[in-house]
Undergrad: 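I have a structure I would like to understand better, so I am pasting it below and will then ask my questions one at a time.
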Amino acid sequence: MALTSQSKDFPKWYQDVVAKAELAEGGPVRGTMVIRPYGYSIWERMQAEVDVRIKATGTQNAYFPLFIPEEYLQKEATHLEGFSPELAVVTYGGGKELSEPVVVRPTSETIINSFIAKWVKSHRDLPLKLNQWANVVRWEMRPRIFLRTTEFLWQEGHTAHATEEEAWDFAVQILNEVYRDFMEGVLKVPVFTGIKTEAEKFPGATHSLACEAMMKDGKALQMGTSHALGQSFSKMFNIKYLDKDGEHFVWQTSWGVSSRMMGGLIMTHGDDSGLNIPSGLAPIQVVIIVVKDDPEVLEMADKISNELIEAGVRVVVDTSTQESVGRRSVDWEIKGIPVRLELGPRDVKENQAILVRRDLAQNKDLAKAPVSLDDVVSKTSDALLEAEEQIAKAALTQKNENTFPVKSIDEALEATKTGFAVMPWDDLGASGEAVLLENGVSVRCLQKSSPENERDLPKSTDEPNLVAILARAY
RNA sequence: CGGGCUGUGGCGCAGUUUGGCUAGCGCACCUGCUUUGGGAGCAGGGGGUCGUGGGUUCAAAUCCCACCAGCCCGACCA
């Protein structure tokens, strides 16, 4: 009945939250998931916030087909090699065996680039920046709801540029201004950003950049990636433009974030009371609990609700008085609603409501306070802001306190039992990386050892003085 | 691919060893009454081809055979 505690069994806690907060459940085909309305409303908020940032980079949305001719994937050897074990291939259609099998997209580089090749002729067609929101399929052996599912939702951006430098700069811009800003600004999930090692990079890319977040169990979750593709796809698909100097192959990027971020949200902020959503993201920011089925209380609840809505707050009124207050409080807490206003006959008489902050649920004395109905709107807005700040602060503390500088592989293996390890890449190298991998620890990304700011990313894994961020990963 | 385990109402399980009367229990669900300030109580109620097919038997959830599905461990892959 009760939620499994995080300390007792973290994976079980995660499954419990997903189920009890009514976020999602498994589909009939292994590895698929049904995203329930409440879970989907959170995803829609994520989509909206990411989409507006993507558009701000001058990128336009479009849509490409789910089915891709198998031969398209065969054009880029590394790309095919990377994805072939997890492809779903359709061999029958319309009751007949297909002469040319079609692949259900695992990603859309190939099909999108086959069209970019048609659309790009002149330097005036560049840069071309496309994005699509879509589902993709990668057949997974060990599915975990939201974190690794056979079918998942994402956005994938695909761009073409005239120069290598411009493509690189754009890949960095997406990582910093879209993904990092969204994750730290809206999700309140602090991330490490850096470049992927040769072993970890995207199949077909020349360089992969990533945002890596630390979950509450100390494991890493890749929250987003941005790739410089070089000219590997443009050469395969013959994407060329003309300028005064003649014909040139374009330089490309691709980048994505997925429904996996739902898992990141849950495991970064969740606690033993359930989900805990930052106010800015929350599809429901305030729930007004009508304690007792009483006309005066109902009337007052509606009045407060309307005032909050006018102030731009996303609010619902819970009038299901056939359930106990305790039950309803727990249910809304599991769903992570940032602020709860409890309103009963006593409160109406005293012109007040009880304001309860979700982020303080582990400390019930602090969590509750009466607020006058005269300034309930401003007090609620303040509480929403304070709750969000508290969530962000706690996540940052968790990340900082569990990131350990280490000097050897042995120390790294020890440190990554509970958190992240940071080790000079020159000391580790590809051979050390292989040793770590055998022990379940991977290089999440490489960073400059003393960047002026964290957004200053290495251009190559060969740069001197890089540090490796090490962790066990989902 | 190898080894182990499990299939019983929406979910979680008992019952199988030793065949036997109408297949039970918890949660959830429905109805009524009393309740409602941190997971309400009482009473009543609905819901099951016991994974599928075959066999043994007077009688099978239970024993036998085959098949199917799922889970765990290993291998493989990242």
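The model shown is predicted, which means the values in this text are computed figures rather than measured ones.
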Undergrad: May I have the distance from A:Leu436 (atom CG) to B:A78 (atom P), rounded to whole angstrom?
TA: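 Value for this atom pair: 18 Å.
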
Undergrad: Can you tell me how far C1' in B:U31 sits from the matching atom in B:G15, rounded to whole Å?
TA: 31 Å

Undergrad: So which protein nitrogen or oxygen atoms get under 3.5 Å of nucleotides 70-73 of chain B's nitrogens or oxygens?
TA:
{"residue": "B:C71", "atom": "OP1", "partner": "A:Arg30", "partner atom": "NH1", "Å": "2.1"}
{"residue": "B:C71", "atom": "OP2", "partner": "A:Arg30", "partner atom": "NH1", "Å": "3.3"}

Undergrad: Could I get a table of every N or O pair under 3.5 Å where one atom is in the protein and the other is in nucleotides 34-36 of chain B?
TA:
{"residue": "B:U36", "atom": "O2'", "partner": "A:Val291", "partner atom": "O", "Å": "3.2"}
{"residue": "B:U36", "atom": "O2", "partner": "A:Thr321", "partner atom": "O", "Å": "3.0"}
{"residue": "B:U36", "atom": "N3", "partner": "A:Thr321", "partner atom": "O", "Å": "3.1"}

Undergrad: Measure centre to centre between the rings of A:Phe202 and A:His79, then say whether the value is under 6.0 Å.
TA: yes

Undergrad: Tell me which pairs pass side chain to side chain donor-acceptor pair (under 3.5 Å) where either residue lies in residues 278-302 of chain A, with sequence neighbours left out.
TA: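 Passing the test, one end in residues 278-302 of chain A: no pairs.
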
Undergrad: For RNA chain B, determine which residues of residues 211-222 of chain A have any heavy atom closer than 4.0 angstrom to one of its atoms, and list them numerically.
TA: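 Those residues: none at all.
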
Undergrad: Which value, in whole Å, describes the distance between the C1' atoms of nucleotides B:A78 and B:U8?
TA: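 Here B:A78 and B:U8 have their C1' atoms 39 Å from each other.
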
Undergrad: From NZ of A:Lys196 over to P of B:A78, roughly how many Å is that when rounded to an integer?
TA: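 Distance check: A:Lys196 NZ to B:A78 P gives 15 Å.
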
Undergrad: Atom CG of A:Asp16 and atom C1' of B:G39: how far apart are they, to the nearest Å?
TA: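 The answer, rounded to whole Å, is 15 Å.
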
Undergrad: Is it the case that A:Arg472 and A:Thr416 place a side-chain donor and acceptor less than 3.5 Å from each other?
TA: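 No, because no side-chain N or O of A:Arg472 sits under 3.5 Å from a partner of the opposite role on A:Thr416.
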
Undergrad: Per the atom types in the model, does the base of B:G38 pair as donor or acceptor with the side chain of A:Lys368 at under 3.5 Å?
TA: yes

Undergrad: Answer with base, sugar-phosphate or nothing: what part of the nucleic acid does A:Glu333 contact at a heavy-atom distance below 4.0 Å?
TA: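 It contacts base atoms.
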
Undergrad: Do A:Trp168 and A:His207 have ring centroids that are under 6.0 Å from one another?
TA: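 Distance test on ring centres: under 6.0 Å, yes.
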
Undergrad: For A:Asp359 and A:Gln390, does a side-chain donor sit closer than 3.5 Å to a side-chain acceptor?
TA: no

Undergrad: Can you list every pair that meets side chain to side chain donor-acceptor pair (under 3.5 Å) and has a residue in residues 221-235 of chain A, with sequence neighbours left out?
TA: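 Residue pairs with at least one partner in residues 221-235 of chain A: A:Lys196-A:Gln222, A:Ser208-A:His227, A:Thr225-A:His227.
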
Undergrad: Rounding to the closest angstrom, what is the interatomic distance between B:C1 and B:C76 at atom P?
TA: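 About 16 Å, rounded to a whole number of Å.
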
Undergrad: Under a 4.0 Å N-O cut-off, is there an ion pair linking A:Asp331 with A:Lys335?
TA: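 Between A:Lys335 and A:Asp331 there is no salt bridge, as every charged N stays at least 4.0 Å from the carboxylate O atoms.
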
Undergrad: So which pairs with a foot in residues 425-449 of chain A pass salt bridge (charged side-chain N to carboxylate O under 4.0 Å, His left out), sequence neighbours left out?
TA: A:Glu212-A:Arg444, A:Lys448-A:Asp456

Undergrad: Looking only at atom P, what distance separates B:A14 and B:C58, rounded to whole Å?
TA: 32 Å

Undergrad: Rounding to a whole Å, what distance do you find between A:Asn439:CG and B:A78:P?
TA: 18 Å

Undergrad: So, using ring pair (Phe, Tyr, Trp, His ring centres under 6.0 Å) as the criterion, who are the partners of A:Tyr179 when residues are at least two apart?
TA: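 Counting only residues at least two positions away or on another chain, A:Tyr179 forms no ring pair (Phe, Tyr, Trp, His ring centres under 6.0 Å).
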
Undergrad: According to side chain to side chain contact (heavy atoms under 4.5 Å, CB included), who are the partners of A:Asp462, at least two apart in sequence or on a separate chain?
TA: A:Ser460

Undergrad: Starting at CD of A:Gln15 and ending at P of B:C11, how long is that distance when rounded to a whole Å?
TA: 16 Å

Undergrad: Between B:G37 atom C1' and A:Leu355 atom CG, what is the distance in whole Å?
TA: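 Going from A:Leu355 (CG) to B:G37 (C1'), I get 15 Å.
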
Undergrad: Can we say A:Glu151 and A:Arg138 salt-bridge, meaning some charged N sits less than 4.0 Å from an Asp/Glu carboxylate O?
TA: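 No, this pair does not count.
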
Undergrad: Regarding A:Lys219 and the six-membered ring of A:Phe420, is the cationic atom NZ or CZ under 6.0 Å from the ring centre and inside 45° of its axis?
TA: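 Ring-cation test returns no.
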
Undergrad: Does the distance from a Lys or Arg side-chain N to an Asp or Glu carboxylate O, for A:Glu342 and A:Arg340, drop under 4.0 Å?
TA: yes

Undergrad: When the P atoms of B:U56 and B:C73 are considered, how many whole Å apart are they?
TA: 41 Å

Undergrad: Rounded off to whole Å, could you give me the NZ-to-P distance for the A:Lys20 and B:G12 pair?
TA: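 About 12 Å, once rounded to whole Å.
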
Undergrad: Would you verify whether the NZ or CZ of A:Lys75 falls within 45 degrees of the ring axis of A:Tyr72 while also being under 6.0 Å from that six-membered ring's centre?
TA: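 Yes.
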
Undergrad: Using 4.0 Å as the upper bound for N to carboxylate O, is an ion pair formed by A:Lys188 and A:Glu389?
TA: no

Undergrad: Distance check, C1' atoms only: B:U17 and B:G9, in whole angstrom units.
TA: 26 Å

Undergrad: Name every residue in residues 339-346 of chain A that has at least one heavy atom under 4.0 Å from any atom of RNA chain B, in order of residue number, or write none if there are no such residues.
TA: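 Correct list: A:Arg340, A:Glu342, A:Gly344, A:Pro345, A:Arg346.
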
Undergrad: Does either side chain, that of A:Ser408 or that of A:Asp410, offer a donor lying less than 3.5 Å from an acceptor on the other one?
TA: no

Undergrad: Hey, are A:Thr159 and A:Thr253 close enough side-chain-wise for a donor-acceptor pair under 3.5 Å?
TA: yes

Undergrad: Between the side chains of A:Tyr474 and A:Asp217, does any donor sit under 3.5 Å from an acceptor?
TA: yes

Undergrad: Expressed in whole Å, how much space separates the C1' atoms belonging to B:G46 and B:C30?
TA: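 Per the computed distance, 7 Å lies between those C1' atoms.
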
Undergrad: Contact class for A:Leu437 (heavy atom, under 4.0 Å): base, sugar-phosphate, or nothing?
TA: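 No contact.
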
Undergrad: Where does RNA chain B form stems of at least three consecutive Watson-Crick or G-U wobble pairs, each pair having both distances below 3.5 Å?
TA: B:1-7 with B:68-74, B:10-13 with B:24-27, B:29-34 with B:40-45, B:51-55 with B:63-67

Undergrad: What distance, rounded to whole Å, do you find between the two C1' atoms, one in B:G41 and one in B:U49?
TA: 37 Å

Undergrad: Restricting to side chain to side chain contact (heavy atoms under 4.5 Å, CB included), what partner residues turn up for A:Thr149, sequence neighbours left out?
TA: A:Met33, A:Phe152

Undergrad: Report all interatomic pairs (protein N or O, nucleotide N or O of nucleotides 42-45 of chain B) with separations under 3.5 Å.
TA:
none

Undergrad: Rounded to the Å, how far apart are A:Gln352 CD and B:G37 P?
TA: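 Checked: the CD to P distance equals 16 Å.
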
Undergrad: Measure the CG-CD distance between A:Leu457 and A:Gln447 for me, rounded to the nearest 0.5 Å.
TA: 8.0 Å

